[in-house]
Amino acid sequence: MRATVADDLLGHYRTTARRLPWRAPPGAPRQDPYKVWLSEVMLQQTTVATVTPRFERFVERWPTVEALAAAPDEDILQEWAGLGYYARARNLIACARAVAARGGFPRTEAELRALPGLGLYTAAAIAAIAFGERAVVVDTNVARVVARLFALPGPAEGIREKAAAITPDAERAGDFAQAMMDLGATICRPRAPRCGECPVSAHCVAFALGTPEEFPARKAKAARPHRHGIAWWSERDGALWLVRRPPTGLLGGMAALPTGEWTDAVPDEARRAIAVVRHGFTHFSLDLHLVEADAPVGDGWWQPLERIDEAGLPTLFAACVAAVRSAGGLLRAA
DNA sequence: TAGACGTGGTA
DNA sequence: TTACCAAGTCT
């Protein structure tokens, strides 16, 4: 009988290095659902290199979901600062408390899917990897591998159905998911795939066609506008005035400098800027003009500048502090 | 359903 | 420097 995609892929996977160092080896007993959940949420749209040290710090500080659920919001948001997509951190808090309240993680994909921050991908990944369910795990890696294996024009048509068709039994579903993602990240890459090293090239229609890179079709990206904004710099006795941003929206719930609206035109106050920070978001780029304020703006607190790293500033505002520092401005007591 | 939602690394 | 991309989710 002809070997399946899963047979060939898992045969290869047992002999190669895994990308997630904290995961148990193939065929190992079930993994800690807390660690699978935490790392999968962190890995949403975020690279393994970025996540690895952050994941280790989180687990060290909060070894169980009960410990995380008991932590103050601000501590968790501070630990998340710099990781981006802060709705994940807000959902992480809500999810941890829901799980602790019900006495542990649910064990099925359907129940996991109902928890905050767990979408189609993450619920399936936890069900397969932590609980040995035959869940169909489709992330961007798997979608690309499947699109090439079956030469699907994509980006979406038929991917899930084909992924379901090649997903093996429950016993191997978790290893298969991780092997597919590792394959997509290291061999079946978006550009310049290494088909010569691919354990499933014999199954691959796109490889047979000689045009693997054509699959899946890319979709056009919307243009990214450029905006301007003011951030207020207020300093007193070696402390900087910070506020907490509204709970939803951009950088929601995070510590920040007080800001105004983002606008297309350069605001008048920008003429008094002591520094300008240029920052790129997913859907727009921003010039943030730092202006000294005579009095504190909004409800907030004085954060001692020697402990500014404890505030948990997102990268945008950490860059503001660095910009003023390098401009030799203010920061008299730092 | 398409846009909102961060950040850092690579080519 | 710009463009693309990363173990997606929510509305």
Side-chain angles (χ1 to χ4, degrees), chain A residues 18-23 31 35-55 77 80-92 94-95 112-130 135-146 155-156 163 174-186 188-193 213 216 218-227 245-254 256 262 277-286 288 312-319:
Chain A
R18 286 160 293 114
R19 296 189 75 230
L20 306 187
W22 60 87
R23 288 283 160 82
Q31 320 225 351
K35 292 184 182 174
V36 174
W37 162 71
L38 178 59
S39 55
E40 288 300 341
V41 171
M42 285 186 165
L43 284 163
Q44 291 167 2
Q45 295 289 284
T46 307
T47 59
V48 172
T50 298
V51 165
T52 299
R54 298 304 209 101
F55 170 71
L77 293 173
W80 196 277
L83 264 181
Y85 284 139
Y86 298 97
R88 294 183 297 169
R90 303 193 297 268
N91 286 329
L92 192 81
C95 185
L112 288 161
R113 180 69 180 78
L115 290 168
L118 302 197
L120 215 48
Y121 162 75
T122 307
I126 298 171
I129 296 167
V136 179
V137 180
V138 180
D139 77 325
T140 137
N141 290 298
V142 175
R144 182 172 57 254
V145 171
V146 169
D175 288 340
F176 178 73
Q178 294 176 93
M180 286 284 278
M181 293 188 274
D182 280 14
L183 183 77
T186 61
C188 196
R189 306 177 299 182
R191 286 170 292 192
E213 225 170 320
R218 295 161 162 75
K219 45 175 160 180
K221 293 254 164 81
R224 198 174 71 147
H226 184 71
R227 298 197 178 124
R245 292 177 61 82
T248 58
L250 189 72
L251 309 175
M254 300 302 291
W262 312 145
V277 169
R278 179 159 293 182
H279 191 77
F281 292 103
T282 304
H283 50 303
F284 69 98
S285 55
L286 176 71
L288 194 56
L313 291 174
T315 298
L316 169 64
F317 296 108

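Chain letters run A, B, ... following the sequence lines, proteins first, then strands; residues in each count from 1.
Taking 4.0 angstrom as the limit, Thr50(A) places none of its side-chain polar atoms (N or O) nearer than this to OP1 or OP2 of dA6(C). For Arg88(A) and dT9(C), the shortest distance from a side-chain N or O to OP1 or OP2 is not below 4.0 Å. Regarding contacts with the backbone of dG6(B), every side-chain N or O of His279(A) stays at 4.0 angstrom or more from both OP1 and OP2. Distances shown here put a side-chain N or O of Lys221(A) below 4.0 Å from the OP1 or OP2 atom of dC5(C). One finds a side-chain N or O of Gln45(A) lying less than 4.0 angstrom from the OP1 or OP2 phosphate oxygen of dG8(C). Residue Thr122(A) has no polar side-chain atom (N or O) positioned under 4.0 Å from OP1 or OP2 of dA7(C).
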Determine, stepwise, if the pair Trp22(A) / Gln31(A) fulfils side-chain contact (heavy atoms from CB on, under 4.5 Å). CA-CA 10 Å; Trp22(A) 60 87; Gln31(A) 320 225 351; 5.7 Å; no
Checking side-chain contact (heavy atoms from CB on, under 4.5 Å) for the pair Met181(A)/Val145(A): CA distance, chi angles, key distance, verdict? CA-CA 9 Å; Met181(A) 293 188 274; Val145(A) 171; over 6 Å; no
Could you go through Phe317(A) and Arg245(A), starting from their C-alpha distance and side-chain angles, then the distance that decides it, and tell me whether this counts as side-chain contact (heavy atoms from CB on, under 4.5 Å)? CA-CA 12 Å; Phe317(A) 296 108; Arg245(A) 292 177 61 82; 4.2 Å; yes
Please step through side-chain contact (heavy atoms from CB on, under 4.5 Å) for the pair Gln44(A) and Val41(A), ending with a clear verdict. CA-CA 5 Å; Gln44(A) 291 167 2; Val41(A) 171; 4.1 Å; yes
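When rounded to the nearest whole Å, the span between OH of Tyr121(A) and C1' of dC10(C) equals 18 Å. Taking atom CZ of Phe176(A) as the reference point, atom P of dA7(C) lies 17 Å away to the nearest angstrom. At whole-Å resolution of the value, CD1 in Ile129(A) and C1' in dA7(C) are 8 Å apart. One interatomic measurement links the two molecules: CE of Met181(A) to C1' of dG8(C), which rounds to 12 Å at whole-angstrom precision. One interatomic measurement links the two molecules: CZ of Arg54(A) to C1' of dA7(C), which rounds to 18 Å at whole-angstrom precision. Nucleotide dA6(C) holds its P atom 15 Å from the CD atom of Glu40(A), rounded to whole Å. dC5(C) atom P lies 22 Å from atom CZ of Phe281(A), rounded to whole Å. Straight-line distance from the CG atom of Leu92(A) to the C1' atom of dG8(C): 14 Å, rounded to whole Å.
Between dA7(C), dG8(C), dC5(C), one nucleotide has an atom nearer to the side chain of Arg191(A) than all others, and that is dC5(C). Closest contact between the side chain of Arg218(A) and the listed nucleotides dC5(C), dG6(B), dG8(C) involves dC5(C). For Thr315(A), whose side chain is taken as the heavy atoms from C-beta onward, the closest listed nucleotide among dA7(C), dG8(C), dT7(B) is dT7(B).
Across dT2(C) and dC5(B), the matching P atoms stand 22 Å from one another, rounded to whole Å. Nucleotides dT1(B) and dA6(C) have their P atoms positioned 22 Å apart, rounded to a whole Å. Nucleotides dG6(B) and dT11(C) place their P atoms 14 Å apart, quoted to the nearest Å. As rounded to the nearest Å, dA2(B) and dA7(C) have C1' atoms that lie 23 Å from one another.
Ranked by how close their nearest DNA chain C nucleotide is to the 5' end, Asn91(A) and Thr47(A) are led by Thr47(A). Between Arg189(A) and Gly84(A), the residue anchored closer to the 5' end of DNA chain B is Gly84(A), taking for each the nucleotide with the nearest heavy atom.
For the pair Arg224(A) and Phe281(A), the minimum side-chain heavy-atom distance is 4.5 Å or more.
Note on Thr46(A): a base of the nucleic acid sits closer than 4.0 angstrom, heavy atoms only. In this structure, Arg278(A) reaches neither bases nor backbone, as no heavy-atom distance under 4.0 Å exists between it and the strands shown. Among the heavy atoms of the strands lying under 4.0 Å from Leu83(A) is at least one base atom, whether or not backbone atoms are also near. Within the 4.0 angstrom heavy-atom criterion, no nucleotide atom of any strand lies near Ser39(A). At the heavy-atom level, Gly280(A) lies under 4.0 Å from base atoms of the strands shown.
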If you restrict it to nitrogen or oxygen atoms, what contacts under 3.5 Å exist between nucleotides 3-5 of chain B and the protein, and what is each distance?
{"from": "dC5(B)", "atom 1": "OP1", "to": "Leu250(A)", "atom 2": "N", "distance (Å)": "3.4"}
{"from": "dC5(B)", "atom 1": "OP2", "to": "His283(A)", "atom 2": "NE2", "distance (Å)": "2.7"}

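Separating the CG atom in Leu115(A) from the CH2 atom in Trp37(A) is a distance of 9.0 Å, to the nearest 0.5 Å.
Every side chain to side chain contact (heavy atoms under 4.5 Å, CB included) that Ala128(A) has, sequence neighbours left out, goes to Ala135(A), Val137(A), Ala173(A). Tyr85(A) meets the ring pair (Phe, Tyr, Trp, His ring centres under 6.0 Å) test with no other residue; sequence neighbours excluded.
Side-chain contact check for Arg144(A) and Asn141(A): at least one donor-acceptor pair (N or O, by modelled atom type) lies under 3.5 Å.
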